[in-house]
**Q** 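Dropping a structure here in structure tokens format, bear with me for questions.
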Amino acid sequence: QLQLVESGGGSVQAGGSLKLSCEADVWIPSTYCMAWFRQGPEKERAGVAGIYGIYVGSPTSYYADSVKGRFTISRDNTKNTLYLQMNSLEPEDTAMYYCATGNGPCNLTDIQSMRTWGQGTQVIVSA
């Protein structure tokens, strides 16, 4: 059964950067969306970024409006690893970050479309 393991979380001051990684223990087809979600204190889990169709020409990337221009999602198929480069971090980015995958194009507003989840990695951004 597919397992996803996140790493790279930590504590950083506002304006800083972190790079999250999510390693899958098996190869994930290009027909699957790989995405990052986050859940902040007393907030619902929400989509942050997704990537789909890595082998179909250029992959399609998806971003929540709140992170556009600051976060970059990427995927290394040789390592079965998904990344999230987070720059210009803000205290509002404080959350548990989860890696997830699901069949088909990414829909960051539909948590139910993601079938497999990692355990999460904590990101804390201080003012």
Side-chain angles (χ1 to χ4, degrees):
Q1 184 174 351
L2 170 64
Q3 289 189 333
L4 303 173
V5 179
E6 302 96 334
S7 61
S11 296
V12 64
Q13 289 189 328
S17 299
L18 284 172
K19 186 174 184 177
L20 306 183
S21 299
C22 170
E23 185 172 357
D25 61 347
V26 297
W27 176 75
I28 297 177
S30 61
T31 53
Y32 277 62
C33 169
M34 291 196 76
W36 291 96
F37 286 72
R38 68 185 181 186
Q39 187 165 11
E42 300 181 356
K43 295 182 180 178
E44 294 185 351
R45 193 170 298 189
V48 175
I51 190 167
Y52 169 77
I54 189 72
Y55 296 121
V56 183
S58 297
T60 300
S61 299
Y62 308 75
Y63 295 96
D65 288 342
S66 59
V67 306
K68 283 181 181 176
R70 301 189 298 122
F71 291 11
T72 302
I73 191 170
S74 61
R75 178 176 173 177
D76 186 340
N77 289 308
T78 64
K79 298 180 180 179
N80 294 334
T81 302
L82 179 72
Y83 301 100
L84 185 68
Q85 177 67 48
M86 306 186 295
N87 299 328
S88 302
L89 283 162
E90 303 168 352
E92 292 74 20
D93 296 316
T94 294
M96 184 71 81
Y97 283 72
Y98 298 90
C99 173
T101 186
N103 196 6
C106 299
N107 184 348
L108 297 181
T109 65
D110 184 6
I111 292 178
Q112 299 304 320
S113 67
M114 310 309 288
R115 298 301 183 189
T116 303
W117 294 84
Q119 293 300 307
T121 185
Q122 181 71 50
V123 172
I124 298 173
V125 184
S126 58

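Sequential numbering from 1 along the given sequence is applied to the chain's residues.
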**Q** Going by disulfide (SG to SG under 2.5 Å), name the pairs with one or both residues in residues 59-99, residues two or more places apart or in two chains.
**A**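 Those involving residues 59-99 are Cys22-Cys99.
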
**Q** Pick one: which of Thr121, Asp93, Thr94 meets side chain to side chain donor-acceptor pair (under 3.5 Å) with Arg38?
**A**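 The single option meeting the side chain to side chain donor-acceptor pair (under 3.5 Å) with Arg38 is Asp93.
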
**Q** Indicate the atoms forming the closest heavy-atom contact of Gly47 with Ala64, along with that distance.
**A**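 In terms of heavy atoms, the two residues are closest at O-CB, 3.5 Å.
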
**Q** Can you name the nearest heavy-atom pair linking Pro91 to Ser126, along with the distance?
**A**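 For Pro91 and Ser126, the tightest heavy-atom pair comes out as CG-C, 4.4 Å.
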
**Q** If you take all heavy atoms of Ala35 and Ile73, which pair is closest and at what distance?
**A**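 Looking at all heavy atoms of both residues, the closest pair is CA-CD1, 4.4 Å.
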
**Q** Please round to the nearest 0.5 Å and tell me the distance separating atom CD of Glu44 and atom CD of Gln39.
**A**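 Here the rounded value is 8.0 Å.
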
**Q** SG of Cys106 to CH2 of Trp36: how many Å apart, nearest 0.5 Å?
**A**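 Reported value, rounded in 0.5 Å steps: 13.5 Å.
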
**Q** Should Phe71 and Leu89 count as side-chain neighbours, where that means a heavy-atom distance under 4.5 Å?
**A**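 Contact flag for Phe71/Leu89 side chains = yes.
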
**Q** Which pairs, with at least one residue in residues 101-127 and sequence neighbours excluded, count as a ring pair (Phe, Tyr, Trp, His ring centres under 6.0 Å)?
**A**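 Of all non-adjacent pairs touching residues 101-127, those that pass ring pair (Phe, Tyr, Trp, His ring centres under 6.0 Å) are Phe37-Trp117.
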
**Q** Give the minimum heavy-atom separation between Trp27 and Pro29, together with the two atoms involved.
**A**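 Closest heavy-atom pair between Trp27 and Pro29: CH2-CA, 3.5 Å.
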
**Q** When clusters are formed by joining ILVMFWY residues with side-chain heavy atoms under 4.5 Å apart, either directly or through shared neighbours, do Leu82 and Val26 land in the same one?
**A**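 Yes, it is one cluster - the side chains of Leu82 and Val26 are joined through contacts under 4.5 Å.
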
**Q** Check for me, please, whether Ile51 and Leu2 land in the same ILVMFWY cluster - side-chain distances under 4.5 Å, paths through other members count.
**A**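 Looking at the clustering, Leu2 is in the same group as Ile51.
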
**Q** Side chains of Thr31 and Asn103, heavy atoms from C-beta outward: is any pair under 4.5 Å?
**A**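 The answer is yes; the side chains approach within 4.5 Å.
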
**Q** Using side-chain heavy atoms (C-beta onward) and a distance below 4.5 Å, is Leu84 in contact with Val67?
**A**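 Side chain of Leu84 against side chain of Val67, heavy atoms only: no contact under 4.5 Å found.
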
**Q** Should Ile124 and Leu20 be regarded as members of a common hydrophobic cluster, given that ILVMFWY residues are connected when their side-chain heavy atoms come within less than 4.5 Å of each other, either directly or indirectly?
**A**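 Different clusters: Ile124 never reaches Leu20 through Ile, Leu, Val, Met, Phe, Trp or Tyr contacts under 4.5 Å.
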
**Q** Mind checking the OH-OG1 spacing from Tyr32 to Thr116? Nearest 0.5 Å is all I need.
**A**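 Answer for the OH-OG1 pair, Tyr32 versus Thr116, is 8.0 Å.
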
**Q** In Å and rounded to the nearest 0.5 Å, what is the CD to CD distance from Gln119 to Glu6?
**A**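 Reported to 0.5 Å precision, the distance equals 7.5 Å.
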
**Q** Does the side chain of Met86 reach to within under 4.5 Å of the side chain of Tyr97, using non-hydrogen atoms?
**A**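 Sidechains of Tyr97 and Met86: in contact.
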
**Q** Filter on side chain to side chain donor-acceptor pair (under 3.5 Å), then keep only pairs touching residues 79-92, sequence neighbours left out; what's left?
**A**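 Of all non-adjacent pairs touching residues 79-92, those that pass side chain to side chain donor-acceptor pair (under 3.5 Å) are Ser17-Asn87, Gln85-Asn87.
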
**Q** Can you name the closest pair of heavy atoms from Pro105 and Tyr52 and give their distance?
**A**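 Minimum heavy-atom contact is N-CE1, 3.5 Å.
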
**Q** Are the side chain of Glu23 and the backbone N or O of Leu4 linked by a donor-acceptor pair below 3.5 Å?
**A**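 No: the side chain of Glu23 does not pair with the backbone of Leu4.
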
